[in-house]
S.K.: 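Please see the structure below; I have some questions.
For reference, positions follow the sequence shown, starting with 1. Hydrogens, waters and symmetry mates play no part in the numbers below; they use all other heavy atoms, side chains included. Each ligand, and each atom within it, is numbered from 1 in the order the structure gives.
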Amino acid sequence: MQMSYLFLSPSVLALGAMFMTLIYVLYRAVLPKPIPGIPYNKKAANSIFGDVPEWLSYIKKNNGQALNWWHREMEKHDSPIIQLFLDPFGPPAVVVADFREAQDVLLRRHKEFDRSTIFENIFSGTMPHHHIWQKTGDIVRTQKRLLADTMMPAFLHEVAAPRIHEAMMDLVRLWDLKARLAKGHPFEAHEDIAHTTLDAIWVVTLGSSAKTIESQANMLESIPDLSLPGSKDKAIRFPQAPHPPAFDAILTLTSSMEPLISSPFPKIHHWFLRQSKSYRDAKRYKDQEIDNMIKMAVHKFANSQTVALEKQGKDRSAIDHMIRRELLASRKEGREPQYDTPAAKDELFGFLIAGHDTTSTTVAWAVKLLSDNRPAQDKLREVLRSTYANATAEKRQPTAAEVTTLHDPYIDATLEELLRCGGTASVLSRVALIDSDIFGIRIPKGTDVNFMSYFGYVAPPVGTVDEDRRSTSSRASKDKTGVWETSDIEAFKPERWLRRIGETDETEFVKNAGPTLQFGAGVRGCFGRRLAYIGLRMLVVSIVWNFELLPVPEELATYMAVDRITHQPQKCYIRLKKAD
Ligand code: HEM
């Protein structure tokens with residue numbers, strides 16, 4: 001038979017048709033499945049890769065700025081709810097820019113919405129036993145109890161605050177040296193801030209001092225002068241002292257999670273990262289460090305009487321606290337203590353991870369915002385001098401106890417405004433546990449719903465939501481939080497958090513003056529919020545107390561961000577002058 005007849009035979013044609021139909025059915029099956037009633041990109045819905053190519057190309061062009069593209073899409077559709085196809089072969093991700101709906105879901109609808117897939121994608125590879133990414137249930141509740149008391153005033157004020165204060169004083173010393181050597185030139189500040197917060201959270205968690213900033217300062221102290229570029233606007237780089245290996249290990253493990261937010265296949269992506277030598281070395285160092293610290297804490301408490309174990313007098317860190325409590329519980333229950341379970345180790349490790357990146361990102365935004373808003377910076381310094389009047393009179397640094405206990409409404413307002421404008425956590429995420437609804441639109445079970453929290457919700461606001469489309473609980477809570485004027489929503493204005501007391505000149509800080517969700521909310525809101533406020537307060541007070549943050553050249557002052565685990569500034573440069 002000739003070949004051409006073979007091709008034309010009816011059975012071959014039928015087989016060919018069946019094959020083509022199968023390919024077409026498969027192709028249709030893997031195309032994105034839009035949720036009815038929610039705007040989306042029509043072109044993306046006709047591609048198996050959905051919105052991924054356009055999103056990745058935007059991220060590349062904008063040096064890592066990822067979430068801005070979500071804002072742009074919302075503006076394009078002029079809708080407070082849209083859907084994006086970012087998970088090839090998976091369900092669409094819903095994005096909502098509406099503070100009231102976000103707060104309602106986070107605070108009041110936790111039976112319908114729980115920890116989302118984004119958290120699992122980012123954290124489960126590095127911290128497989130930590131509660132942060134797991135669905136709410138007995139495991140999460142039990143594990144949260146392991147370190148729960150570290151957020152009580154006794155631990156925060158007596159153990160954490162003095163340790164954090166020591167780390168801040170190291171930063172002040174380092175920046176004194178840098179200001180002297182830089183002679184008015186700008187320099188990169190984010191790394192110093194990140195190392196300071198890691199030094200601080202390290203000693204609070206493990207009890208040992210990493211002293212990274214102190215080593216850096218010791219090294220710079222021995223340098224009499226640096227060769228400086230001609231133009232005062234040119235940034236300078238300082239030589240870098242080596243870090244302790246375990247400290248570098250934490251940075252390596254943290255950075256392995258950073259690309260995952262914009263990876264189309266995050267779990268596979270992280271699996272490959274975990275096979276690298278640098279990851280395996282880092283994990284080994286981290287495990288060794290935690291094991292050693294656990295052994296030391298066990299040794300410290302092993303011979304303590306039960307009455308002594310009931311007091312936290314000997315606690316120097318979160319690890320001490322955890323071991324003491326477990327020893328006490330095991331004695332009371334007549335069982336062997338279980339110190340080094342995978343869950344306990346991951347909870348300690350998670351304390352380091354969750355506590356350092358978030359705080360350092362917020363402070364990186366803070367130094368930029370304060371440099372660019374001189375009147376607010378000067379006012380803050382003036383308020384600090386009067387609030388910590390004894391320190392001013394005695395020409396010394398405010399103590400840890402003074403910073404944590406003496407409050408002024410303007411200091412609280414500034415911290416809140418720094419958090420709001422920085423937008424460290426620019427998106428909060430939940431998954432629908434059952435078929436649910438948002439603005440009266442059906443959200444199928446298993447859909448991730450992401451709430452934009454930038455500037456309090458989204459700036460500029462998009463679309464409008466009719467009141468009758470909101471849930472009953474959302475309508476009932478309408479007036480519990482104020483609203484921001486949209487005309488100046490992007491401005492840095494601590495005063496927006498203050499209210500005059502009656503007819504007097506006095507003001508008070510109003511926590512719910514307007515939308516902000518920087519710590520999330522509800523049962524899965526930030527576990528470390530109280531510690532975070534202490535860390536932020538210490539850093540901002542120490543910096544503004546000691547230095548004037550002067551403006552930096554325009555090209556270094558950009559507010560472009562890079563979205564990693566947190567929403568970080570692409571550039572964080574400062575120019576320092578010692579404050580009078
Ligand atoms: C400025 C600093 C911080 C910011 C902006 C921040 C923000 C957040 C946000 C937005 C969430 C998710 C909340 C939600 O989904 O509703 C979160 C969760 C969490 N944060 Fe923080 N955080 C900060 C500091 C800390 C610190 C210092 C610690 C601990 C030492 C910490 C530990 C945690 C943990 C363990 C969770 C998971 C809670 C859970 O899954 O139930 N955070 N944080």
S.K.: Would one find more than 12 heavy atoms of other residues, nucleotides or ligands at under 6.0 Å from atom CD1 of I434?
M.R.: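 Yes - once you tally the heavy atoms of other residues, nucleotides and ligands closer than 6.0 Å, there are more than 12.
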S.K.: Parallel, tilted or perpendicular: which fits the ring planes of F519 and Y533, with parallel below 30° and perpendicular above 60°?
M.R.: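 It falls in the tilted class, 30° to 60°.
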S.K.: Look at the side chain of W133 and the backbone N and O of M127, then say whether any donor-acceptor pair between them is shorter than 3.5 Å.
M.R.: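 At least one qualifying donor-acceptor pair exists.
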S.K.: If the plane angle is over 60° it's perpendicular, under 30° parallel, otherwise tilted; pick one for F123 and F119.
M.R.: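 F123 and F119: tilted rings.
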S.K.: L531 heavy atoms, cut-off 4.0 Å: which ligand 1 atoms fall inside?
M.R.: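 Listed by number with element, the hits are 30 (C).
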S.K.: Give a yes or no on whether the backbone of A66 and the side-chain of D563 come within a donor-acceptor separation of less than 3.5 Å.
M.R.: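 Between the backbone of A66 and the side chain of D563 there is a qualifying donor-acceptor contact (under 3.5 Å).
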S.K.: Quick one: which ligand 1 atoms are inside 4.0 Å of a heavy atom on R115?
M.R.: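 So the answer, numbered in order with elements, is 14 (C), 15 (O), 37 (C), 38 (C), 39 (C), 40 (O).
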S.K.: Side chain or backbone, does R524 bring an N or O within less than 3.5 Å of an N or O on ligand 1?
M.R.: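 Checking ligand 1 against R524, an N or O pair does fall under 3.5 Å apart.
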S.K.: Is Q134 near ligand 1, meaning one of its heavy atoms is under 4.0 Å from it?
M.R.: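 No.
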S.K.: I want to know if ligand 1 touches R430 in the polar sense, i.e. an N/O pair below 3.5 angstrom.
M.R.: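 Yes: some nitrogen or oxygen of R430 is under 3.5 Å from one in ligand 1.
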S.K.: Is it the side chain, the backbone, both or neither of I132 that has a heavy atom closer than 4.0 Å to ligand 1?
M.R.: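 The part of I132 near ligand 1 is both the backbone and the side chain.
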S.K.: In a check of side chain to side chain contact (heavy atoms under 4.5 Å, CB included) between Q377 and each of L369, L370, D372, I543, which one passes?
M.R.: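 For Q377, the side chain to side chain contact (heavy atoms under 4.5 Å, CB included) check succeeds only for L370.
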S.K.: Taking non-hydrogen atoms only, is S429 closer than 4.0 angstrom to ligand 1 via side chain, backbone, both or neither?
M.R.: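 It is neither; nothing of S429 touches ligand 1.
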S.K.: Out of R324, R325, K300, which residue meets the side-chain hydrogen bond (donor to acceptor under 3.5 Å, both in side chains) rule with D315?
M.R.: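 In the set R324, R325, K300, the residue that makes a side-chain hydrogen bond (donor to acceptor under 3.5 Å, both in side chains) with D315 is R324.
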S.K.: Is there at least one pair of N or O atoms, one from K144 and one from ligand 1, spaced under 3.5 Å apart?
M.R.: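 Such a contact does occur with ligand 1.
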S.K.: Judged by non-hydrogen atoms, does G525 sit under 4.0 Å from ligand 1?
M.R.: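 Under 4.0 Å: yes for G525.
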S.K.: Report the protein N/O/S neighbours of atom 21 (Fe) of ligand 1 that fall below 2.8 Å; do not count waters.
M.R.: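 The answer, once waters are left aside, is C526 SG.
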S.K.: Given the side-chain rings of Y279 and H270, with only the six-membered ring counted for Trp, is the space between their centroids under 6.0 Å?
M.R.: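 Between Y279 and H270, the centre distance is under 6.0 Å.
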S.K.: Just to verify, which of K267, R115, Q134 counts as forming a side chain to side chain contact (heavy atoms under 4.5 Å, CB included) with E120?
M.R.: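 Exactly one pass, corresponding to K267.
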S.K.: Can you tell me if Q65 uses its side chain to pair, donor with acceptor, with the backbone of V562 under 3.5 Å?
M.R.: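 Side chain of Q65 to backbone of V562, a donor-acceptor pair under 3.5 Å: no, none is there.
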S.K.: Quick one: nearest non-hydrogen protein atom to atom 7 (C) of ligand 1, plus distance?
M.R.: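 Looking only at protein heavy atoms, the one closest to atom 7 (C) of ligand 1 is Q518 O, 3.4 Å.
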S.K.: Can you check whether T117's main-chain N or O pairs, donor with acceptor, with D448's side chain at less than 3.5 Å?
M.R.: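 Checking the backbone N and O of T117 against the side chain of D448, a donor-acceptor pair under 3.5 Å is found.
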